[in-house]
Number of protein chains: 2
Amino acid sequence: MPELPEIRVIAAQMDKELSGKKVADAEPRQPKNLNVPVEDFVKAVKGKTVSHVTSKGKWIFAELEHGYLLLINLGMYGELLYYAKGQKLPERYQFRLAFADGSGFTIFFSWFGYVHIVTERDASKHNMTGKLGIDPFNNGFTFGRFDDLLTSKRRTRLKSFIMDQKNVAGVGNVYAQDILFGARLHPDREISTLTKEERRGFYDSIKNVLSRSVELGGLAYEKDFYGRNGKFGASEFKVGYKEGKPCPACGTTIQKIKTGSTSTYICPKCQPLKKIN
Amino acid sequence: MPELPEIRVIAAQMDKELSGKKVADAEPRQPKNLNVPVEDFVKAVKGKTVSHVTSKGKWIFAELEHGYLLLINLGMYGELLYYAKGQKLPERYQFRLAFADGSGFTIFFSWFGYVHIVTERDASKHNMTGKLGIDPFNNGFTFGRFDDLLTSKRRTRLKSFIMDQKNVAGVGNVYAQDILFGARLHPDREISTLTKEERRGFYDSIKNVLSRSVELGGLAYEKDFYGRNGKFGASEFKVGYKEGKPCPACGTTIQKIKTGSTSTYICPKCQPLKKIN
DNA sequence: AGTTGCAACAGGGA
DNA sequence: CTCCCTGTTGCAAC
């Protein structure tokens, strides 16, 4: 469930805390999380200094010296936690990176996640991040660009479109709910049925919802780099996970519907499937 | 509907009749059937002698001098007919190849088909024949090889598998019917559910059904190189196109069912979808 | 609920 | 009911 806001918050904290620190050791306990054999991984990161940490969509990009890139994805749920020198480590974790000053971080994956190492030269060939779409916080994410994206995918349903990381990177099932509601769009609408105003509203809603959550430090049930929970709690959701509650706009009872293989919460009145003239 | 048996019969007749003959001219009336501009095509074949004609799946491979290959596919229905010197040509045809001795052949495509020219060097790059699977009459078509093929496609349904030319080349909707019945397999079974015996029976049935038709000169409603119809008629089909008739093995009424986008005739008792223990 | 790849399916075209 | 390609959805697996 960590989506763009949570990842963006953690990446910013990592950037501040870790830039300039030298990797002393890596402890990958679960080889399946890696894209290379354990020894190769340890060899690649050991002794290198962190130069910068950024994020794109749901992925953390930790740049190391000499053109190496550590790509981290927390999967369904994960805790990426900093520890200071001498601080007690979490009971369970599948991965740990230790720095020369005694600090470090651990990652606990509840189900599955990735810690991949690539060179910057080969970064574009990395399967999971090489084809990511644009990050909504990237300056290039203009309405024009978003509109072009929509135009290239006329037959796709809105929920599919917005959750496909190759289009816009970072939106998962959690934020998709309120993004669609914010634009008053039904998840099963086909892109080709959107008016110009709706496209614009869709774009604005993506920025609004994600920005709001970043401002609040992410979801209330997710932890940041220092183990603190975000402030985007239940009261922030408009329709997401509010089945049976009244729509904040019109009072209609919010429904939980099946959209493909996922569930979506909608206000049936504010988000009609068929356009009402 | 020409499938492997019909094509194999025609290719063998072409090989006997045309080997050693020199191409005097080509008359491609429908540029869309070709893979190169008309002039290039004519230039490439003119003056060259036919060295050998073979087939692979539903494709005819006519080898010309100097490493050229004529690749012919008759599509849904087509008539590829020889004519002797002075003989009257068919009324309608889209393609004609004339030899120096005055003989030649015409092709009538009822819907669409291909006459492509490639060099042997580039043959593997030809889109439609380059990735063809093995021809069941090839010596390499052993049970071991077929079994490996099955193993590599666990989740595919049997009818899809056998009709995919990239797996085994030559089986279309016509012969697929009796091949499946011969092995007592339901078209919608998934490969992974097959026992070793069923795999073996599947393999044997492919060879049995196709060999039988080749022996009889192909389907009764298809013409060979000399315009003669084959002898694989309605009486040869076990369940194919026999809706409402009794199963030859158990007497149960044969059904016509939808399998994906095609229809399949099955005996519901001999070819159960769920394995009966 | 995250990611990929495979398989199925629909549409359009040669 | 041939052959191809593209795009989309659904499913199983890591």
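Lettering of chains follows the sequences in order, A, B, ..., and the numbering in each one begins at 1. The basis for the numbers below is simple: all heavy atoms, side chains too, and nothing from hydrogens, waters or symmetry mates.
Straight-line distance from the CE atom of B/M163 to the C1' atom of D/dC3: 12 Å, rounded to whole Å. Going from atom CD1 of B/I60 over to atom C1' of D/dC3 covers 15 Å, rounded to whole Å. In this structure, CG of A/L4 is placed 11 Å from P of C/dT3, rounded to the nearest angstrom. One atom, CD1 of B/I257, and another, C1' of D/dC1, lie 16 Å apart when rounded to the nearest Å. Spacing between atom CD of B/Q165 and atom C1' of D/dC5 amounts to 17 Å, rounded to whole angstrom units.
Using cut-offs of 30° and 60° on the angle between ring planes, the pair A/F105 and A/F95 is tilted. The aromatic rings of A/Y265 and A/Y241 are tilted relative to each other, their planes meeting at an angle between 30° and 60°. The aromatic rings of B/F161 and B/F202 are tilted relative to each other, their planes meeting at an angle between 30° and 60°.
Taking for each of A/M128 and A/T262 the nucleotide of DNA chain C with the nearest heavy atom, the 5'-most of the two is the partner of A/T262.
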* Asked: Taking protein heavy atoms under 4.0 Å as touching, what does nucleotides 8-14 of chain D look like 5' to 3' if B marks base contact, S marks sugar-phosphate-only contact and - marks none?
  -> SSSB--B
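With ring centers used as reference points, A/F237 lies under 6.0 Å from A/F232.
Rounding to the nearest 0.5 Å places CG of B/L132 at 9.5 Å from NE2 of B/H126. Taking CD from A/E222 and CD from A/E6, the interatomic distance works out to 5.0 Å, rounded to the nearest 0.5 Å.
Look at A/N73 and you'll find a side-chain N or O under 4.0 angstrom from OP1 or OP2 of C/dT3. In this model, the phosphate group of D/dC1 is not approached by any side-chain N or O of B/Y175 to a distance below 4.0 Å at OP1 or OP2.
Within 4.0 Å of B/N127, counting heavy atoms only, lie sugar-phosphate atoms of the nucleic acid but no base atom.
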